[in-house]
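The next block holds one structure in the form of structure tokens; read it before the comments.
Nothing here was measured: the structure is a model prediction, and the numbers come from that model. Residue numbers run from 1 in the order of the sequence given. Whatever order the structure lists them in is the order used to number ligands and atoms, beginning at 1.
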Amino acid sequence: GEASSAAHTNGKALKHAVLDEEPVRQNFNDKISLWQGDITEFQADAIVNAANKSLLGGGGVDGAIHHAAGPDLRAECLKLHGCATGEAKITKGFRLPCKHVIHTVGPIGEKPEKLRSCYLNSLDLLKEHELRTVVFPCISTGIYGYPNEAACLVAIESVRHWLETGDNSSLVDRIIFCLYEDVDVDCYEKHLPTYFPPV
Ligand code: AR6
């Protein structure tokens with residue numbers, strides 16, 4: 001669509017990244033947004049996939065991303081020889097509107113250090129590839145059973161920590177939390193203003 005192509009040419013034009021949807025919350029600390037909807041619709045530099053260690057696809061958001069990206073994504077993932085819990089690997093986006101997919105493997109159950117690593121390693125990859133906009137799903141909170149509010153706090157804290165490290169903040173334009181379920185909207189709306197006061 002027309003809104004998507006605007007975002008594609010300019011990493012800053014992220015308010016155009018999703019068609020037919022309004023952000024739940026925007027402009028926390030000028031870098032953070034909350035959206036509710038399907039992550040596969042984003043035309044960001046990168047979307048993050050909550051993958052499993054095989055990186056070869058699965059259910060949940062992983063299934064949606066592979067379905068929308070098409071079989072070339074699985075073919076590229078095959079060459080990566082899997083990924084450890086808490087680590088992240090990057091591929092192209094293929095048929096997705098985003099340029100890249102950062103695949104990270106969340107912990108099964110409540111393991112905060114592993115979940116934190118997912119966010120930090122994904123953001124490090126973003127920086128390494130000189131990408132400026134990224135969209136995160138609620139890693140581990142679906143099939144992997146991480147309690148929603150605890151996962152939300154780890155996500156928000158780790159992203160803030162990363163932004164406060166060195167000059168990271170100047171290297172990214174926007175980090176979007178893509179929320180799918182109402183329970184996560186409640187959690188993020190509750191906690192985000194504490195960590196990222198509205199500007
Ligand atoms: N867009 C955004 N978020 C989504 C979408 C979507 N299209 N679909 C689901 N979610 P999950 P996990 C939300 O289960 O817990 C896979 O089989 C979902 O509602 O996708 O990390 C992998 O291969 C939830 O809020 O990921 C692994 O085996 C969040 O995404 C395993 O599941 C994460 O739920 C990973 O489990």
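- On a distance-only criterion, Gly142 and ligand 1 share at least one N/O pair closer than 3.5 Å.
- Under a 3.5 Å cut-off, the side chain of Asn121 and the backbone N or O of Thr104 do not form any donor-acceptor pair.
- Given atom 1 (N) of ligand 1, the protein heavy atom at minimum distance is Ile39 N, 3.0 Å.
- Regarding atom 7 (N) of ligand 1, its nearest protein heavy-atom neighbour is Asp38 OD1, 2.9 Å.
- Residue contacts with ligand 1: Ser140 is included, with a non-hydrogen atom under 4.0 Å away.
- Of the possible polar contacts, one joining the Lys89 side chain to the Leu80 backbone as a donor-acceptor pair under 3.5 Å is found.
- Listed by number with element, the atoms of ligand 1 under 4.0 angstrom from any heavy atom of Thr141 are 15 (O), 24 (C), 25 (O), 29 (C).
- The Gly37 neighbourhood of ligand 1 comprises atoms 1 (N), 2 (C), with distances under 4.0 Å to a heavy atom of that residue.
- Within ligand 1, the atoms closer than 4.0 Å to a non-hydrogen atom of Asp184 are 25 (O), numbered from 1 in the order shown.
- Heavy-atom contacts of Cys138 reach the following atoms of ligand 1: 25 (O), 29 (C), 33 (C) (cutoff under 4.0 Å).
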Original post:
Could you walk me through whether Thr91 and His103 pass the side chain to side chain donor-acceptor pair (under 3.5 Å) check?
Top reply: CA-CA 8 Å; Thr91 65; His103 307 262; 2.9 Å; yes

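- Taking the six-membered ring for Trp and thresholds of 30 and 60 degrees, Tyr119 and Phe136 have ring planes inclined between 30 and 60 degrees apart.
- Under a 4.0 Å criterion applied to the non-hydrogen atoms of Glu181, ligand 1 contributes the atoms 18 (C), 19 (O), 24 (C), 25 (O).
- Of all heavy-atom pairs between Tyr180 and Gly37, the closest is CD1-O, 3.3 Å.
- Around atom NE2 of His67, no more than 12 heavy atoms belonging to other residues, nucleotides or ligands sit under 6.0 Å away.
- From the protein, the heavy atom lying nearest to atom 22 (C) of ligand 1 is Asp62 OD2, 3.5 Å.
- Here NZ of Lys111 is found 10.0 Å from OH of Tyr144. Values are rounded to the nearest 0.5 Å.
- Contact atoms of ligand 1 toward Gly58: 17 (O), 23 (O) (distance under 4.0 Å to a heavy atom of the residue).
- Annotation for ligand 1: atoms under 4.0 Å from non-hydrogen atoms of Val61 are 1 (N), 2 (C), 3 (N), 4 (C), 5 (C), 6 (C), 8 (N), 9 (C), 10 (N), 20 (O), 30 (O).
- Proximity annotation for atom 16 (C) of ligand 1: of Gly60, Gly59, Cys118, Gly59 comes nearest, heavy atoms only.
- Counting heavy atoms under 4.0 Å from ligand 1, residue Tyr180 touches it through the side chain alone.
- Formation of a donor-acceptor pair under 3.5 Å by the Thr133 side chain with backbone atoms of Asp45 is found in this model.
- Note: an N/O pair closer than 3.5 Å links Ile143 and ligand 1 by distance alone.
- For the residue pair Leu171 and Lys127, the shortest heavy atom distance occurs at CD1-CD, 3.4 Å.
- A distance-only check finds a donor-acceptor pair linking the side chain of Lys31 to the backbone of Val172 [under 3.5 Å].
- Heavy-atom proximity to Ala50, at under 4.0 Å, picks out these atoms of ligand 1: 21 (O), 22 (C), 26 (O), 35 (C).
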